[in-house]
Protein chains: 2
Amino acid sequence: MELTERKKQVLRSVVDLYIRTAEPVGSKAITELPDMKYSSATIRNEMAELTAMGYLEQPHTSAGRIPSAAGYRLYVDELMADYRLSMDETKSINTAIEEKMQQVDKMVEKVAKLVSQATDLPAISVAARSGGATAKRFDLILAGQGSVILVIMLSDNQVVNKLINLPVQVTDSDLKILSALLNATMTDLSQEEFSQDLLDRVMGSAGAAACLVPVIMEFTGETLSRQASTNMAVAGQMRLLGQPEYRDVDKAQRLMSSLDEDALANLPAVMQNANGTKVLVGPEHVAQELKDTSVVMTKFDIGDGLQGMIGVVGPTRMDYAKVTARLSYFAESLSKMFAKPEQPQLPTGQEEAKEE
Amino acid sequence: MELTERKKQVLRSVVDLYIRTAEPVGSKAITELPDMKYSSATIRNEMAELTAMGYLEQPHTSAGRIPSAAGYRLYVDELMADYRLSMDETKSINTAIEEKMQQVDKMVEKVAKLVSQATDLPAISVAARSGGATAKRFDLILAGQGSVILVIMLSDNQVVNKLINLPVQVTDSDLKILSALLNATMTDLSQEEFSQDLLDRVMGSAGAAACLVPVIMEFTGETLSRQASTNMAVAGQMRLLGQPEYRDVDKAQRLMSSLDEDALANLPAVMQNANGTKVLVGPEHVAQELKDTSVVMTKFDIGDGLQGMIGVVGPTRMDYAKVTARLSYFAESLSKMFAKPEQPQLPTGQEEAKEE
DNA sequence: CTTAGCACTCAGAGAAAAAGAGTGCTAACA
DNA sequence: TGTTAGCACTCTTTTTCTCTGAGTGCTAAG
């Protein structure tokens with residue numbers, strides 16, 4: 001059987017309507033659409049054939065049709081109309097990004113939150129390093145009696161810090177000496193280069209605060225390897241409840257619990273060598289738990305060897321056109337923001353102050 | 001009418017059962033409890049009187065009784081049995097705290113997450129400063145061409161950082177000079193002391209990187225005032241769905257949306273001058289939206305003038321004994337952890353590395 | 001190839017009936 | 001005087017049944 005132009009038009013109409021109403025679509029509803037010049041009988045025939053071809057399904061005999069996974073696939077790949085973002089939409093996305101991206105290390109959480117807001121669906125955001133990070137700078141700060149704060153700045157401009165409690169007293173100048181030493185010897189090293197040998201070498205010249213060195217080295221090593229894997233956040237799970245397919249609390253709950261965890265860990269892998277925006281429809285999923293939801297995701301560039309990914313999860317019946325458009329725009333804006341380090345990302349810094 | 005010992009016993013039984021089953025409790029069910037030596041008829045009489053006294057209510061004539069707000073109140077204040085935490089529970093709380101509290105500045109989020117996990121209810125965690133914070137140390141780090149990372153360490157050991165993009169080029173030594181200046185002039189100042197005057201003064205001696213000063217000052221001021229107000233996180237909203245009273249998605253959604261926002265902002269105020277663990281039952285609430293949920297909350301000490309608060313939100317029918325016990329223990333452990341700066345919070349630092 | 005017409009199917013709404021849980025009251029009992 | 005057995009009554013919940021209407025597939029005519 002052939003997929004004629006008219007069949008495509010019918011399929012598109014069914015998907016469009018179903019996305020809007022969440023109810024099975026009957027031949028009559030299609031007839032009433034503008035641009036549809038055929039009678040319900042004709043549409044019925046077409047629909048019957050589309051069903052036979054696997055693009056539509058029927059919940060039961062006397063119901064209308066709903067798109068099958070294959071139907072959505074076709075819709076996403078060929079049929080759906082481009083969704084043009086309105087000025088308002090682009091503007092609100094830009095403002096959000098500008099206002100929220102202040103603290104570098106909370107980036108992932110904030111992006112997830114923003115994307116979720118923009119799409120009204122649960123969102124996930126991941127930052128992963130392709131190469132390995134290195135430490136760019138160490139600072140040691142005395143914090144009260146006997147505890148020290150270690151601040152490490154990574155090559156990707158993330159800042160991590162750790163409170164270390166000491167068994168012995170150290171002075172401010174001890175720390176100055178040690179941090180100079182750390183900066184001299186331990187910066188720009190990849191995780192693999194943190195060897196026993198290095199530890200011995202640093203310990204040798206560490207002076208009074210030597211007891212800190214093993215802790216610092218271990219933490220640094222850990223940090224570098226952790227960052228190397230992934231760093232991800234999920235936001236807006238509750239938004240699923242807004243979708244009629246999740247009126248059933250059990251269903252919603254089942255999905256939600258998987259939204260927190262490993263199921264999502266696989267997603268970045270899917271994006272690995274893909275480019276642009278990718279849509280995973282229902283059963284095409286890697287993760288079992290997500291097999292009746294769809295995922296839209298896209299990559300963006302953070303610079304300094306960091307890869308970002310944002311995505312949203314929703315019912316298969318989600319508004320792919322809108323979601324894809326917003327997500328792509330988001331990715332674009334984020335890439336742009338990270339891409340121009342010479343150029344202030346905010347006009348010139350008057351708005352810097354606004355936070356949260 | 002008098003609240004006899006037997007009436008109390010009946011009331012306690014009703015609340016206990018209702019907490020466990022979420023179903024109205026009938027006289028028969030009470031009879032079947034061990035330690036209940038009266039017939040259902042007697043219990044019925046008692047229940048009728050408890051209802052008249054306002055401690056119980058009847059959803060409809062032919063249903064059992066459920067506790068009224070007053071009933072819960074009495075239960076919480078006098079009736080409920082102490083819940084003894086098992087070794088497992090205390091251990092898992094301690095391990096969680098030890099493992100997760102590495103990054104000082106992500107404390108609030110992590111505590112919220114942990115508390116929610118421990119109670120299986122949505123949790124909120126707040127850190128608020130009684131006095132004002134001050135900056136303890138400034139660092140400026142050159143990050144690629146034309147952008148600088150500002151790291152501020154606050155008097156409460158929190159570390160905040162901000163990426164600043166520059167309209168002009170600065171060198172590493174410019175930054176050294178400027179940060180020395182900042183550390184000399186801007187540390188230990190409360191928010192109010194950040195005046196135009198100070199700005200002028202610092203600008204005057206700032207040298208090459210002077211253009212950074214306004215941005216830094218503004219950010220610092222903002223940070224101090226923001227930290228001074230509150231810093232809060234909510235976690236585990238979805239856990240509400242596990243409660244039978246929220247099988248109704250609309251209801252759940254309504255509550256959830258208020259869980260994110262202002263409704264909670266009032267809670268810390270309630271704790272202001274209270275001590276220990278506090279229970280707010282349903283209609284006793286400040287926040288309209290929460291009027292048919294209960295909140296259990298408790299304070300803990302972060303040290304350095306910081307006050308912490310943790311709390312959970314749940315149906316009025318929550319297991320107060322268990323929740324209160326866990327929450328109190330949590331608060332205690334956290335206080336302990338923050339209270340001993342001379343003493344390593346982890347044995348001696350071998351485990352420091354574990355993160356996430 | 002398209003369309004009008006029609007018999008047929010089946011989910012969902014509603015009404016009616018049946019079941020069951022729990023009560024309040026009375027009267028007997030210790 | 002406090003306790004309990006017994007019973008009629010109330011009202012929710014569950015089940016069963018009927019009915020309605022949307023939507024279909026097929027046939028035959030345009």
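All chains are named by letter (A, B, ...) in the order of the sequence lines, taking the proteins before the strands, and each is independently numbered beginning at 1. Atom set for the values below is all heavy atoms of this structure, side chains included, hydrogens, waters and symmetry mates excluded.
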Does a side-chain N-to-carboxylate-O contact under 4.0 Å join [X] and [Y]?
X       : Y        : answer
A:Glu57 : A:Arg65  : no
B:Arg73 : B:Glu284 : yes
A:Glu2  : A:Lys7   : no

Which whole-number value in Å describes the distance from [X] [atom1] to [N] [atom2]?
X       : N      : atom1 : atom2 : answer
B:Glu32 : C:dA21 : CD    : C1'   : 13 Å
A:Ile30 : D:dA22 : CD1   : P     : 17 Å
A:Lys7  : C:dC1  : NZ    : C1'   : 12 Å
A:Gln58 : D:dT24 : CD    : P     : 7 Å
B:Glu57 : C:dG22 : CD    : C1'   : 17 Å

Query - Residues A:Tyr83, A:Asp319; criterion side chain to side chain donor-acceptor pair (under 3.5 Å); working and verdict - result: CA-CA 10 Å; A:Tyr83 179 87; A:Asp319 190 336; over 6 Å; no
Requested in this report: Output the residues of residues 43-50 of chain B in contact with DNA chain C, where contact means a heavy atom of the residue under 4.0 Å from an atom of the strand; sort by number or write none.
Outcome: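 Under 4.0 Å from DNA chain C: B:Arg44, B:Met47.
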Requested in this report: Kindly state which residues belonging to residues 18-28 of chain B come within less than 4.0 angstrom of DNA chain C, counting heavy atoms of the residue only, listed by number.
Outcome: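 Correct list: B:Gly26, B:Ser27.
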Are there over 12 heavy-atom neighbours, none belonging to [X], within less than 6.0 Å of that residue's [atom1]?
X        : atom1 : answer
A:Glu32  : CD    : yes
B:Lys299 : NZ    : yes
A:Asp250 : CG    : yes

Query raised in the report: So which of B:Val312, B:Val313, B:Val115 actually passes side-chain contact (heavy atoms from CB on, under 4.5 Å) with B:Leu121?
Result: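 Exactly one pass, corresponding to B:Val312.
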Check: protein-nucleotides 8-17 of chain C nitrogen or oxygen pairs below 3.5 Å:
unit_1 : atom_1 : unit_2  : atom_2 : d
C:dC10 : O2     : A:Ser62 : OG     : 3.3

Please confirm whether the backbone N or O of [Y] pairs with a side-chain atom of [X], one donor and one acceptor, at under 3.5 Å?
X       : Y       : answer
A:Ser40 : A:Ser27 : no
A:Thr42 : A:Tyr38 : no
B:Glu49 : B:Glu46 : no

Report task. Report which part of the nucleic acid A:Ala63 touches: base, sugar-phosphate, or nothing (heavy-atom distance under 4.0 Å, all strands). Result ->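 Sugar-phosphate, no base atom in range.
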Requested in this report: Please check the phosphate of C:dT23 (OP1 and OP2 only) for any side-chain N or O of B:Arg65 closer than 4.0 Å.
Outcome: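 Checking C:dT23 against B:Arg65, a side-chain N or O does come within under 4.0 Å of OP1 or OP2.
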Query raised in the report: Which residue, B:Ala41 or A:Thr51, contacts DNA chain D at a nucleotide closer to its 5' end, judged by nearest heavy atom?
Result: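 Its nucleotide being nearer the 5' end, the pick is B:Ala41.
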